[in-house]
Asks: 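Quick one: the structure is below, and I'll ask about it shortly.
Here is how names work: the chains are called A, B, and so on, in the same order as the sequence lines, proteins then strands, and each is numbered from 1. No hydrogens, no waters, no symmetry mates; every other heavy atom, side chains included, goes into these values.
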Amino acid sequence: MIDLRLVRDDPDRIRASQRARGEAESLVDALLDADAVRRAAVARADGLRAEHKSGSNAIRHASNDERPQLIAKAKHLADEVKAAEADEAAADEALHAAQTAIPNIVEDGTPPGGEDDFVVLDVVRTPPTVDEPRDHTEIGAALRAIDTERGAKVSGARFYFLTGVGAQLEFALVNLAMAQAIDAGFVPIVAPSLVKPEIMQGTGFLGAHSAEVYHLEQDDMYLVGTSEVALAGYHSNEILETLPLRYAGFSSCFRREAGSYGKDTRGIIRVHWFDKVEMFSYVTLDESQDEHQRLLAWEREFMDKLELAYRVIDVAAGDLGSSAARKFDIEAWFPSQGAYRELTSTSNCTTFQSRRLNIRTRTDAGNQHVATLNGTLCAVARTIACLFDHHQQPDGSVYVPAALRPYLGGRELLSP
RNA sequence: GGAGGCUUCGCCUAGUCUGGUCUAUGGCGCCGCACUGCUAAUGCGGUUUGGGUCUAAAGCCCAUCCCGGGUUCGAAUCCCGGAGCCUCCGCCA
């Protein structure tokens with residue numbers, strides 16, 4: 001949810017942002033209209049309420065003679081108040097709808113354009129050269145680490161079992177990620193995967209991409225696609241006394257992957273369920289760009305520990321989620337695909353989420369909404385896929401990066 | 001799943017039976033000032049959160065006693081529905 005005051009004071013800035021995203025500028029004018037209508041409705045209802053209130057107070061002190069007349073008058077006013085309040089509620093709802101229709105304001109410096117218009121900020125390490133590379137599905141099967149066939153038998157397409165060393169790898173990666181996060185001062189958290197509608201709504205996942213989200217109709221609960229949701233909801237309706245707050249959340253993540261038919265159908269790169277360690281920061285708005293760089297740096301640190309060749313990209317405006325003002329992805333090299341594929345993503349959501357979730361902090365200038373930022377530390381399934389693909393050896397074994405070995409009993413190679 | 005209790009402006013709390021200056025009491029904490037020749041004690045004042053009005057500040061107005069309805073001229077208070085928390089019973093990893 002964007003700042004209404006900013007819309008009033010500087011609508012052109014919002015229009016420019018809409019243009020950059022390739023979205024309708026007319027939504028800004030619709031919002032301005034809805035705001036004016038609401039303010040008029042509020043002023044009218046407030047005035048009537050004040051009149052009615054003083055009328056009611058007068059009844060108490062009135063003599064028996066004047067009382068019936070005053071009551072009749074107050075009765076009439078009460079009806080008017082009721083009608084005015086109905087208008088007010090309708091205007092409120094219309095304003096809210098107009099306000100939620102507009103995505104976050106794009107940060108200055110964001111590349112314009114769509115999905116293919118990202119800017120490469122950095123390229124780290126040389127991709128390994130592998131003759132006739134096998135993909136992670138094949139390697140995972142040979143190592144008896146990933147069982148997609150039984151995943152499909154039990155749960156359907158885009159499900160898998162991690163078995164043996166695959167299961168061990170999951171815990172190794174989670175432990176490595178958590179250890180790094182704790183060292184950096186994050187509070188480790190195990191977060192719920194099921195959340196209420198208002199939390200899902202507040203994080204912006206029920207907008208344009210609501211088809212991506214699993215909904216449990218019987219209970220009106222949502223399965224989260226990332227623990228970002230629960231970590232943002234964690235401080236909803238609170239005034240935070242000390243900033244920054246940094247959490248490293250572990251949870252299972254669920255994605256319907258509607259509209260991605262045919263993409264990555266093989267293996268565990270794109271699945272309906274996976275586990276993830278997610279970084280989440282609450283900071284002041286002024287600090288948010290610096291914090292964004294810090295989150296990116298921690299993501300890079302993790303990639304470095306896994307000894308992966310990767311590049312950092314600055315995602316273009318048209319490819320940002322509705323909550324994000326800026327987004328950086330890290331893409332690691334998959335030899336079998338001959339391509340960089342997204343492994344992590346970090347977004348600065350500025351005050352977009354905190355407005356809907358009502359999260360503020362005290363400042364000299366009054367209570368201000370905080371900025372929220374999120375960043376992947378390790379999405380387990382995809383990271384395992386990448387490790388197998390990236391670190392495969394000619395003899396069919398997989399090289400284990402040094403940082404991971406302590407969590408895998410010291411093994412340097414995984415062999416069939 | 002069954003029975004009962006609870007929910008008040010940071011925390012604790014009075015008020016709810018018996019509707020009306022409740023414009024919500026007091027304590028703790030916090031902030032400011034005063035005093036004291038110690039970062040103690042004391043005194044005084046302030047301290048919910050939103051919205052509207054206003055060039056701005058001040059001021060004024062409206063809302064807010066878990067949430068949503070209802071009764072009434074008038075609801076923290078009465079009625080209905082819901083949520084959350086606690087206790088006990090049942091079931092359960």
Asks: Could you tell me how far B:G90 sits from B:C66 if I compare only their C1' atoms? Round to whole Å.
Replies: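 Per the computed distance, 29 Å lies between those C1' atoms.
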Asks: Taking atom P in both B:G2 and B:C17, compute the distance separating them and give it to the nearest angstrom.
Replies: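 The answer is 30 Å between these two P atoms.
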Asks: Once you round to the nearest 0.5 Å, how far does CD of A:Q392 lie from CD of A:E138?
Replies: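 Taking CD in A:Q392 and CD in A:E138, the distance rounds to 8.5 Å.
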Asks: For A:D92 and B:G68, give me the distance from atom CG to atom P, rounded to whole Å.
Replies: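 Going from A:D92 (CG) to B:G68 (P), I get 12 Å.
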Asks: Work out how far the C1' atom of B:U7 is from that of B:G82, and round it to whole angstrom.
Replies: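 After rounding to an integer number of Å, I get 14 Å for this pair.
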Asks: To the nearest 0.5 Å, tell me how far A:I189 CD1 sits from A:S251 OG.
Replies: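 Reported to 0.5 Å precision, the distance equals 11.0 Å.
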Asks: Please assess A:N104 against A:S323 for the test side chain to side chain contact (heavy atoms under 4.5 Å, CB included), listing each intermediate value before the final yes or no.
Replies: CA-CA 5 Å; A:N104 203 354; A:S323 302; 5.7 Å; no
Asks: Can you tabulate the close N/O pairs, meaning under 3.5 Å, that link protein atoms to atoms of nucleotides 52-61 of chain B?
Replies:
unit_1 : atom_1 : unit_2 : atom_2 : d
B:G52  : OP1    : A:R8   : NH2    : 3.1

Asks: B:C73 C1' sits how many Å from A:E51 CD, rounded?
Replies: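 It is 13 Å, rounded to the nearest whole Å.
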Asks: If we call it a pair only when both distances are under 3.5 Å in a Watson-Crick or G-U wobble match, what pairs with B:G59?
Replies: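 B:U53 - that is the nucleotide pairing with B:G59, both distances being under 3.5 Å.
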Asks: Expressed in whole Å, how much space separates the P atoms belonging to B:U77 and B:U21?
Replies: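 Each nucleotide's P atom is 13 Å from the other's.
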Asks: First locate atom CG of A:D319, then atom CD of A:E115, and finally report the distance between them rounded to the nearest 0.5 Å.
Replies: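 Rounded to the nearest 0.5 Å, the CG-CD separation comes to 5.0 Å.
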Asks: Let me spell it out: for each of A:K75 and A:R49, pick the nucleotide of RNA chain B with the closest heavy atom. Which residue's pick is nearer the 5' end?
Replies: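 The residue closer to the strand's 5' end, by nearest nucleotide, is A:R49.
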Asks: Between A:D395 and A:S397, do the side chains contain a donor N or O and an acceptor N or O under 3.5 Å apart?
Replies: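 A:S397 vs A:D395: donor-acceptor pair found between side chains.
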Asks: Which one is paired to B:G32, where only Watson-Crick or G-U wobble pairs with both distances under 3.5 angstrom count?
Replies: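 Its partner is B:C44 (Watson-Crick or G-U wobble, both distances under 3.5 Å).
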Asks: B:U21 pairs with which nucleotide, Watson-Crick or G-U wobble, both distances below 3.5 Å?
Replies: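 Pairing partner, where one exists within any strand: none, as none qualifies.
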Asks: Please report the distance, rounded to the nearest Å, between NZ in A:K82 and P in B:G69.
Replies: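 In whole Å, B:G69 P and A:K82 NZ are 11 Å from each other.
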Asks: For atom P, what is the distance between B:C28 and B:C65, given to the nearest Å?
Replies: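 The answer is 27 Å between these two P atoms.
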Asks: Can you tell me, in whole Å, how much space there is between the C1' of B:U23 and that of B:G74?
Replies: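 These two C1' atoms come out 15 Å apart once rounded.
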Asks: How far does CD1 of A:I384 sit from CZ of A:F274, to the nearest 0.5 angstrom?
Replies: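 One finds 12.5 Å between CD1 of A:I384 and CZ of A:F274.
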Asks: If I take atom CG from residue A:L373 and atom CG from residue A:L296, how far apart are they, to the nearest 0.5 angstrom?
Replies: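 Atom-to-atom, A:L373:CG and A:L296:CG are 11.5 Å apart.
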Asks: Taking pairing as Watson-Crick or G-U wobble with both contacts under 3.5 Å, can you name the mate of B:U39, or confirm there isn't one?
Replies: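 Its partner: none found.
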Asks: Could you please name the partner base of B:A3, counting Watson-Crick and G-U wobble pairs only when both distances are under 3.5 Å?
Replies: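 Result: B:U87.
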Asks: Just checking A:F280 against A:H235, ring centres under 6.0 Å apart?
Replies: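 Ring centres of A:H235 and A:F280 not closer than 6.0 Å.
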Asks: Without decimals, in angstroms, what is the distance between A:D220 CG and B:A83 P?
Replies: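 For the pair A:D220 CG and B:A83 P, the rounded distance is 12 Å.
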Asks: For A:E93, does the CD atom sit with more than 12 other heavy atoms under 6.0 Å from it, leaving out its own atoms?
Replies: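 Counting other residues, nucleotides and ligands, CD of A:E93 stays at 12 neighbours or fewer.
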Asks: Please work out if A:N367 contacts a base, only the sugar-phosphate, or nothing of the nucleic acid, heavy-atom cut-off 4.0 Å.
Replies: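 Sugar-phosphate contact only - A:N367 comes under 4.0 Å of backbone atoms but never of a base.
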Asks: Only distances under 3.5 Å count here; give the side-chain donor-acceptor pairs of residues 153-172 of chain A to other protein atoms, sequence neighbours excluded, each with its distance to 0.1 Å.
Replies:
unit_1 : atom_1 : unit_2 : atom_2 : d
A:R158 : NH1    : A:K263 : O      : 3.3
A:R158 : NH1    : A:D264 : O      : 3.2
A:R158 : NH1    : A:R270 : O      : 3.1
A:R158 : NH2    : A:S260 : O      : 3.0
A:R158 : NH2    : A:K263 : O      : 3.1
A:Y160 : OH     : A:W273 : O      : 3.0
A:T163 : OG1    : A:R144 : O      : 2.6

Asks: At a heavy-atom distance below 4.0 Å, what parts of residues 231-240 of chain A sit against RNA chain B?
Replies: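 Per residue number, the list is empty: none.
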Asks: For nucleotides B:U25 and B:U16, find the distance between their C1' atoms and express it as a whole number of Å.
Replies: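 The answer is 14 Å between these two C1' atoms.
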Asks: Please report, rounded to the nearest Å, how far the P atom of B:U71 is from the CG atom of A:D79.
Replies: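 Rounded to whole Å, this separation is 11 Å.
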Asks: Over how many whole Å does the gap from A:I59 atom CD1 to B:C73 atom C1' extend?
Replies: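 Rounded to whole Å, this separation is 4 Å.
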Asks: For B:C86 and B:G81, measure between their P atoms and round to the nearest Å.
Replies: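 Comparing P positions in B:C86 and B:G81 gives a spacing of 24 Å.
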Asks: CD of A:E198 versus C1' of B:G68: gap in Å, rounded?
Replies: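 After rounding, the gap between these two atoms is 14 Å.
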Asks: To the nearest 0.5 angstrom, please state how far the OH atom of A:Y340 sits from the SG atom of A:C386.
Replies: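 Answer for the OH-SG pair, A:Y340 versus A:C386, is 11.0 Å.
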Asks: Quickly work out the A:N57 CG to B:A75 P distance and round it to whole Å.
Replies: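 Atom-to-atom, A:N57 to B:A75, this comes out as 11 Å.
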Asks: Within the structure shown, what part of the strands sits under 4.0 Å from A:H52 by heavy-atom distance: base, sugar-phosphate, or nothing?
Replies: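 Sugar-phosphate: the residue A:H52, judged by heavy atoms under 4.0 Å, touches backbone atoms but no base.
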